[in-house]
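As structure tokens, the structure follows; a few thoughts come after it.
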Amino acid sequence: MAQITFEFPDGRNQAFDSGITIAEIAKSISVSLAKKAIAGKVDGQLVNVQAPLTAGGKLEIITADSEDGLTVLRQSAAELLAAVVKREFPGVRLGRLAADEDGFYVDTEKDERQISADELDDLADKMLRVIKDNASVKRVTLSKDNALNEVSGDRYQTELIKTLDSDEIPFYEIGGQLVYAQVVAAPSLKDLKHFKLLSVAGAYWEGKSSNPMLQRLYGTAFFKAADLEADLKKRQEARERDHRVIGNNLDLFFVDPKVGAGLPYWMPNGATIRRTIERYIVDKEVANGYQHVYTPVLANLDLYKQSGHWEHYRDDMFPPMKMDDDEMLELRPMNCPSHIQIYNHHIRSYRELPLRIAELGMMHRYEKSGALSGLQRVREMTLNDGHTFVAPDQIQDEFKKILNLMMEVYHDFDIDNYTFRLSYRDPENTEKYFDDDEMWNKAQTMLKGAMDELGLDYVEAEGEAAFYGPKLDVQTKTALGNEETLSTIQLDFMLPERFDLHYVGEDGQEHRPVMIHRGLVSTMERFTAYLIEMYKGAFPTWLAPKQVQIIPVSDEKHGQYARQINEKLQAMHIRSAVDERSEKMGYLIRDAQTHKIPYTIVVGDDEVNNDTISVRKYGEDDSRELSMDDFTVEIMKDIASYSRDETKDDKTKEKVDK
């Protein structure tokens, strides 16, 4: 019989007969290992313990006490769920099933109606019954014809099996059901006790919006009950912070499918938050030497062909619009070509550099429907964009200024949980990047040198660069646990070359500038979503859509006094309002707290007689009696300080020595 050779993690090599299984290899090492083995890994690919092996390679035995072991447990849960669904709902069609770092899922489709969230607990009980009655998972193989006959009537399983280049198709027999083995499952379900079916959502078949929408059943699983409990608590916290839920509860924004997916409407409350952010950013940038501009959201397609966006980015751009004079107009995906036109409109001198141009620029991206999510992933967005044109010897200083400004902004918004990532091109896959090795080497070296000079910690990531140059990405995590890029600084030697940009140097000769792209706080949509989740909807006073709610005990007796207070506050540009609803006092106070208004003022007989107000701050149980003068001093200081605790260490100074 033919021999195959495996290399073990300790470097040892051993030959075995072709067709041997992981279970048999584990048993040849020790009986205890054979009992613990739940899967194997050959050249990085998970394999079932019962699957015959016909090729050697680097081999690992997977046990429960490993990261891969958790993956196998969750894949086993997915296979079990698929088996139970198949038994409980005859005629159901099964799409993809898989496990990931977040849990597991099974895609289903039924003719009459889809599986609802109300049925998840019942499905979970039936999964537990299978585990209790018969914890074994038997791997069987069918010929391709028999396999197709087994899944006859299920278009999705049929499609998956037809793509396989083999006449031995693996299935699992679980609880009396045969399920096509899309993933590796453990030989026993005895460890699958601590799981939870979480939710139901829609998912397009194979992720394409042109395909049917399936029903995706989500779940998660752990080896230990404590780990499951901790995960469920984390998920609950994430749900409470989900900007889509909070956005609905606080009436901040909505998306109407009648208008289009990924096109949010900003309600007055959300618009107030956004407007406050925009005014802050513009004032901050102007104070730091930026010149703000407005440029069109449409441009001739040739502009994006010249910039390279059409070549490298067209899949993320909307189709061009043909005008009556045959001009092709394109909704802009990026603002940089527009700012290049601003630079090129005049002859520039070295005395003007660094030339800093900024804009709250609206852009459009052709995002797939399945990727859209609230304000985080949209099709129309407004980027806090900026481009600085510098002489080569100004790069280091300008980079440091941009980074300092960025971290000042973070400090004001109380953001301190972020990391730096230097994003380079992939040296093994250079086709999608601008073809200039010298430029890339120079730019990447310069960016790394600047970070080293600043003494900041960072990670290096190949393949994450923009097509025109390397960049510094500021990475943070959303409340839902997803990592995203909050800000970027990018060096660009390509676009100044493509657009033939010049400045007249001190020597009277033309020189090529370098372009630095930067976004301090990403798009208004994504940044607002991030803040909603970070603050859990309880915005600091300076950002809150309504800063003060005034409640008269009796509108007849105290309404006039309440409205006088409101007029004084509004005259000071404080966002206040009088609650004139005819509801009980307790309800109105609770409602103000529910809507997370920073200050609630109650006025009754005592306040009218003493010319005072009763103030309750959000999150506090007790009210205080203050004069109007004392209150206005307090709230104006609160707003001016960005609601920061003055005793808190300045994180900006900790990260960068100005």
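Closest heavy-atom contact between F222 and L73: C-CD2, 3.4 Å. The two residues A83 and I174 have their closest heavy-atom pair at CB-O, 3.8 Å. Between V92 and E109 the shortest heavy-atom distance is CG2-O, 3.5 Å. Closest approach of A461 and R421 over heavy atoms only: CB-CD, 3.6 Å. Residues D473 and Q475 share a closest heavy-atom pair of CB-OE1, 3.3 Å. Nearest approach of Y172 to E79, heavy atoms of both residues: CD1-CD, 3.6 Å.
The OG1 atom of T21 sits 10.0 Å away from the NZ atom of K27 when rounded to the nearest 0.5 Å.
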Check the pair E237, K536 against salt bridge (Lys or Arg N to Asp or Glu O under 4.0 Å), reporting the backbone distance first and the verdict last.
CA-CA 10 Å; E237 172 72 11; K536 212 172 178 177; 3.5 Å; yes
Just do the side-chain contact (heavy atoms from CB on, under 4.5 Å) check on M381 and M524 with the steps written out, would you?
CA-CA 7 Å; M381 66 215 73; M524 291 300 102; over 6 Å; no
Criterion side chain to side chain donor-acceptor pair (under 3.5 Å) on T63 and D65, from CA distance to verdict:
CA-CA 6 Å; T63 58; D65 55 352; 2.4 Å; yes
Does the salt bridge (Lys or Arg N to Asp or Glu O under 4.0 Å) test come out yes or no for R139 and E173, once each step is laid out?
CA-CA 6 Å; R139 185 181 184 274; E173 185 179 321; over 6 Å; no
Passes salt bridge (Lys or Arg N to Asp or Glu O under 4.0 Å), R425 versus E462? Steps please.
CA-CA 5 Å; R425 69 169 176 171; E462 292 182 343; over 6 Å; no
Dump the intermediate steps for salt bridge (Lys or Arg N to Asp or Glu O under 4.0 Å) on D242 and R244, then the final yes or no.
CA-CA 5 Å; D242 190 328; R244 295 164 297 184; 2.7 Å; yes
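Side-chain contact check for T108 versus R93: every heavy-atom pair is 4.5 Å or farther apart. The shortest side-chain heavy-atom distance between L80 and F104 does not fall under the 4.5 Å cut-off. With contacts defined as side-chain heavy-atom distances shorter than 4.5 Å, the pair T141/I169 does not qualify. Annotation: side chain of K138 is not in contact with side chain of F171 (no heavy-atom distance under 4.5 Å). The shortest side-chain heavy-atom distance between V151 and I161 falls under the 4.5 Å cut-off. Looking at L375 and R526, their side chains never come closer than 4.5 Å, going by heavy atoms from C-beta outward. Between V378 and E367 the shortest side-chain heavy-atom distance does not fall below 4.5 Å. V200 has its side chain out of reach of Y105: every pair of non-hydrogen atoms, C-beta onward, lies at least 4.5 Å apart.
Between the side chains of Q215 and D107, no donor N or O sits under 3.5 Å from an acceptor N or O. Under the 3.5 Å distance criterion, with hydrogens and angles disregarded, a donor-acceptor pair is assigned to the side chains of E240 and Q236. N146 and S143 share a side-chain donor-acceptor pair at under 3.5 Å. Counting only N and O atoms by type, the side chains of Y424 and K471 include no donor and acceptor under 3.5 Å apart.
Between Y410 and Y418, the ring center distance clears the sub-6.0 Å criterion. Within the 6.0 Å centre-distance limit, the rings of H243 and F253 are counted as a close aromatic pair.
No donor-acceptor pair closer than 3.5 Å links the side chain of D316 to the backbone N or O of R365. At distances below 3.5 Å, not a single donor-acceptor pair connects side-chain atoms of T485 with backbone N or O atoms of S487. Listed for the D68 side chain is no donor-acceptor partner under 3.5 Å among the backbone atoms of I62. Under the 3.5 Å distance criterion, the side-chain polar atoms of K193 are left unmatched by any main-chain donor or acceptor of A225. No donor-acceptor pair under 3.5 Å is formed between the side chain of S152 and the backbone N or O of N149. Without hydrogens or angle criteria, N211 side chain to Y204 main chain gives no donor-acceptor distance under 3.5 Å. Side-chain N or O atoms of S30 include one that pairs as donor or acceptor with a backbone N or O of L33 at under 3.5 Å. With E311 contributing its side chain and G308 its backbone, the two residues share no donor-acceptor pair below 3.5 Å. Put simply, the side chain of N48 gets close to the backbone of A185: a donor and an acceptor are under 3.5 Å apart. R241 places a side-chain N or O within donor-acceptor distance of the main-chain N or O of E533, the cut-off being under 3.5 Å.
Under the side-chain contact (heavy atoms from CB on, under 4.5 Å) criterion, K162 pairs with L148, T158, not counting sequence neighbours.
In this structure, Y265 places its OH atom where only 12 or fewer heavy-atom neighbours from other residues, nucleotides or ligands lie under 6.0 Å away.
Tested against L252, the residues N249, L250, N248 include a single side chain to side chain contact (heavy atoms under 4.5 Å, CB included) partner, L250. Between D231 and the options R235, K233, K234, a salt bridge (Lys or Arg N to Asp or Glu O under 4.0 Å) holds for only R235.
Taking the six-membered ring for Trp and thresholds of 30 and 60 degrees, W205 and Y156 have ring planes inclined between 30 and 60 degrees apart.
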